**Q** 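Sharing a structure here in structure tokens format.
Values in this document were obtained by computation on a predicted structure and should not be read as measured data.
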Amino acid sequence: MTCNRRTVLKAGVAAAIVAAFGSVGPAFAAKPLVIGFSQVGAESEWRTANTVSIKDAAKKEGITLKFADAQQRQENQVKAIRSFIAQRVDIIAFSPVVESGWDTVLREAKAAKIPVILTDRAVNVTDPSLYVTFIGSDFVEEGRLAARWLLERAKKTPDATFNIVELQGTVGSAPAIDRQKGFAEVIAANPKLKVIRSQTGDFTRTKGKEVMEAFLKAEGKKINVLYAHNDDMAIGAIQAIEEAGMKPGKDILVVSIDGVRGAFQAMVAGKMNVTVECNPLFGPQLMQIARDVAANKPVPKRITVQEGVFPAEVAAKEFPNRKY
């Protein structure tokens, strides 16, 4: 009788474990996936939205996310990656501040057999096997899209010359390099489109305003177009244009990239002419890729997110749909 009761008790405990975890095994439940993620910083509306998307997706998926803010410094990211290696996380993901200088630390991750996923920004390494995949935007194409809009606008006044000032992103970063490249490639088709000044605004609103003030002091009313590598710099530059007694969106065309809510507000107000979307909301996609990589499933080397172009004419209609 005692044996029977013991058997029934064991069966009951086993049934409870199966109900809770789906199977019975030594570990009883699968260990949560652990991702170490190093973010560039919080330099813009776009970056904030990207961080929220990644954190929310990890929480929803039951993934443990060890998050590190690099405050736009490469040395902070290197320290964070080494910390993730020491903690033996399952996956390392990061959005690199700049393209170069990653070979050593990524070799350390590879030696520790921890797969690396790049997000948003690419790296320039001698051995492509140092990372598994990249998920993010085609920055060169974003630059092309911005320039194509300007080419079409220029066709309306074929005799006019368009003097362009360019606010670059962080020096050495993938989006700054690629957005400049794509834009220059397309405007080369029209000799009346000329970049007369180009300087970094470091992707921030404050620096964008500061550099635009310098452009205006140097070139004044010679400037016809502002091309900004992100919306935050463009919004800062709009302030500088207004303080100089000019009308952004009219006296100086404002062409930008990211598609944040602030840009749509500026377009509705008539102060910006177009923004090219750069979608930051790929947190759920990143979590799925991380699960696939952890399960040794094959993944593409490059995964590009879908994006669009939003001129001022559609801003009021599209604004309620913006999630960042």
Side-chain angles (χ1 to χ4, degrees), residues 36-51 54 67-85 91-110 114-143 166-185 198-208 210-211 227-234 236 256-258 278 280 282 286 301-305:
F37 184 81
S38 175
Q39 181 62 283
V40 171
E43 78 284 3
S44 63
E45 287 184 59
W46 190 99
R47 188 65 55 191
T48 300
N50 181 242
T51 293
I54 289 167
F67 184 87
D69 183 339
Q71 299 178 329
Q72 294 185 285
R73 296 175 62 186
Q74 185 178 30
E75 58 266 36
N76 289 344
Q77 288 198 303
V78 171
K79 288 177 184 176
I81 292 169
R82 286 186 170 135
S83 174
F84 296 150
I85 293 169
I91 302 282
I92 291 172
F94 76 111
S95 181
V97 175
V98 294
E99 283 192 340
S100 60
W102 300 105
D103 291 73
T104 300
V105 73
L106 293 187
R107 284 196 192 98
E108 291 170 20
K110 186 175 181 179
I114 301 175
V116 173
I117 298 172
L118 304 178
T119 72
D120 174 45
R121 300 180 179 185
V123 296
N124 184 4
V125 290
T126 54
D127 179 5
S129 74
L130 294 177
Y131 67 93
V132 178
T133 186
F134 162 88
I135 175 171
S137 302
D138 185 336
F139 298 131
V140 175
E141 183 60 19
E142 288 171 353
E166 179 181 32
L167 281 171
Q168 300 175 31
T170 303
V171 174
S173 69
I177 293 167
D178 291 351
R179 287 171 183 171
Q180 183 178 50
K181 178 182 176 182
F183 188 83
E185 175 188 305
S198 183
Q199 187 176 324
T200 180
D202 212 23
F203 284 128
T204 67
R205 197 170 295 197
T206 302
K207 194 71 182 290
E210 178 187 315
V211 175
Y227 167 48
H229 287 189
N230 84 336
D231 291 335
D232 277 78
M233 289 190 296
S256 186
I257 297 174
D258 269 2
C278 181
F282 52 75
L286 173 60
K301 192 69 175 177
R302 185 180 181 92
I303 300 163
T304 305
V305 297

**Q** Taking all non-hydrogen atoms of both residues, which atom of Ser173 and which atom of Gly169 are closest, and how far apart?
**A**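 That would be OG-C, 4.4 Å.
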**Q** So which atom in Ala174 and which in Ala122 form the shortest heavy-atom distance, rounded to 0.1 Å?
**A** CB-N, 3.8 Å
**Q** State plainly whether the residues Asp127 and Lys110 are in salt-bridge range, i.e. N to O under 4.0 Å.
**A**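 So Asp127 pairs with Lys110 through a salt bridge.
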**Q** Please examine the side chains of Ser44 and Phe203, heavy atoms only from C-beta on, and report whether any two atoms are closer than 4.5 Å.
**A** no
**Q** Within this structure, what is the CD1-OH distance for the pair Ile257 and Tyr227, rounded to the nearest 0.5 Å?
**A** 3.5 Å
**Q** If we count only N and O atoms by modelled type, under 3.5 Å, do the side chains of Thr304 and Asp138 hold a donor and an acceptor together?
**A** no
**Q** Is it the case that atom CZ in Arg73 sees more than 12 heavy atoms from other parts of the structure closer than 6.0 Å?
**A**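 Counting neighbours around CZ of Arg73, 12 or fewer heavy atoms of other residues, nucleotides or ligands fall under 6.0 Å, so no.
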**Q** Has the side chain of Arg121 got a donor or acceptor atom that lies under 3.5 Å from a matching backbone atom of Pro175?
**A**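 Looks like no, no N/O pair under 3.5 Å.
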**Q** Taking all heavy atoms of Phe139 and all of Cys278, pick out the closest pair and write down the distance.
**A**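 Here Phe139 and Cys278 meet closest at CE2-SG, 4.2 Å.
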**Q** Is the backbone of Ile135 close enough, under 3.5 Å, to the side chain of Thr119 for a donor and an acceptor to pair up by distance?
**A** no
**Q** Which distance, rounded to the nearest 0.5 Å, do you find between the OG1 of Thr51 and the CD of Gln39?
**A** 3.5 Å
**Q** How far does CD1 of Ile117 sit from CD1 of Ile91, to the nearest 0.5 angstrom?
**A** 5.0 Å
**Q** Report the residue from Glu166, Gln180, Gln168 that forms a side-chain hydrogen bond (donor to acceptor under 3.5 Å, both in side chains) with His229.
**A** Glu166
**Q** If we only count heavy atoms from C-beta on, is the Phe94 to Ile81 side-chain gap below 4.5 Å?
**A**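 Yes, at least one pair of side-chain atoms sits under 4.5 Å.
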**Q** Which distance, rounded to the nearest 0.5 Å, do you find between the CD of Glu99 and the CD1 of Ile177?
**A**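 One finds 4.0 Å between CD of Glu99 and CD1 of Ile177.
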**Q** Would you say the side chain of Phe37 lies within less than 4.5 Å of the side chain of Ile54, judging by non-hydrogen atoms?
**A**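 In contact.
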**Q** For Val132 and Pro115, work out which heavy atoms get closest and say how close.
**A** CG2-CB, 3.7 Å
**Q** Tell me the closest heavy-atom pair linking Ser137 and Glu142, and the distance in Å.
**A**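 Heavy-atom minimum between the residues: CB-OE2, 3.1 Å.
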**Q** Would you call Arg205 and Glu45 a salt bridge, taking side-chain N to carboxylate O under 4.0 Å as the test?
**A** yes
**Q** For Gln74, run the side-chain contact (heavy atoms from CB on, under 4.5 Å) check against Val40, Val105, Val98 and tell me which one passes.
**A**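 Output: one option passes, namely Val98.
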**Q** Looking at Arg47 and Asp69, is there a salt bridge between them, counting it only when a charged N and a carboxylate O are closer than 4.0 Å?
**A** no
**Q** Pick out which of Leu118, Val116, Asp120 makes a side-chain contact (heavy atoms from CB on, under 4.5 Å) with Phe134.
**A**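 The side-chain contact (heavy atoms from CB on, under 4.5 Å) with Phe134 is passed solely by Leu118 among Leu118, Val116, Asp120.
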**Q** Can any side-chain N or O of Gln77 pair as donor or acceptor with the backbone N or O of Val97 at less than 3.5 Å?
**A**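 A pair under 3.5 Å: yes.
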**Q** Atom CD1 of Ile92 and atom CZ of Arg82: how far apart are they, to the nearest 0.5 Å?
**A**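 Here the interatomic distance stands at 11.0 Å.
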**Q** How far does CG of Leu167 sit from CG of Asp202, to the nearest 0.5 angstrom?
**A** 11.0 Å
**Q** Verify, without hydrogens or angle tests, whether Trp102 (side chain) and Val123 (backbone) share a donor-acceptor contact under 3.5 angstrom.
**A**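 Looks like no, no N/O pair under 3.5 Å.
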**Q** Between Ser100 and Asn124, is there a side-chain donor-acceptor contact under 3.5 Å, judged purely by atom types and distance?
**A** no
**Q** On the six-membered ring of Tyr131, is Lys301 placed so that its NZ or CZ lies under 6.0 angstrom from the centre and within 45° of the ring axis?
**A**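 Yes; both conditions hold, so Lys301 lies above the ring face of Tyr131.
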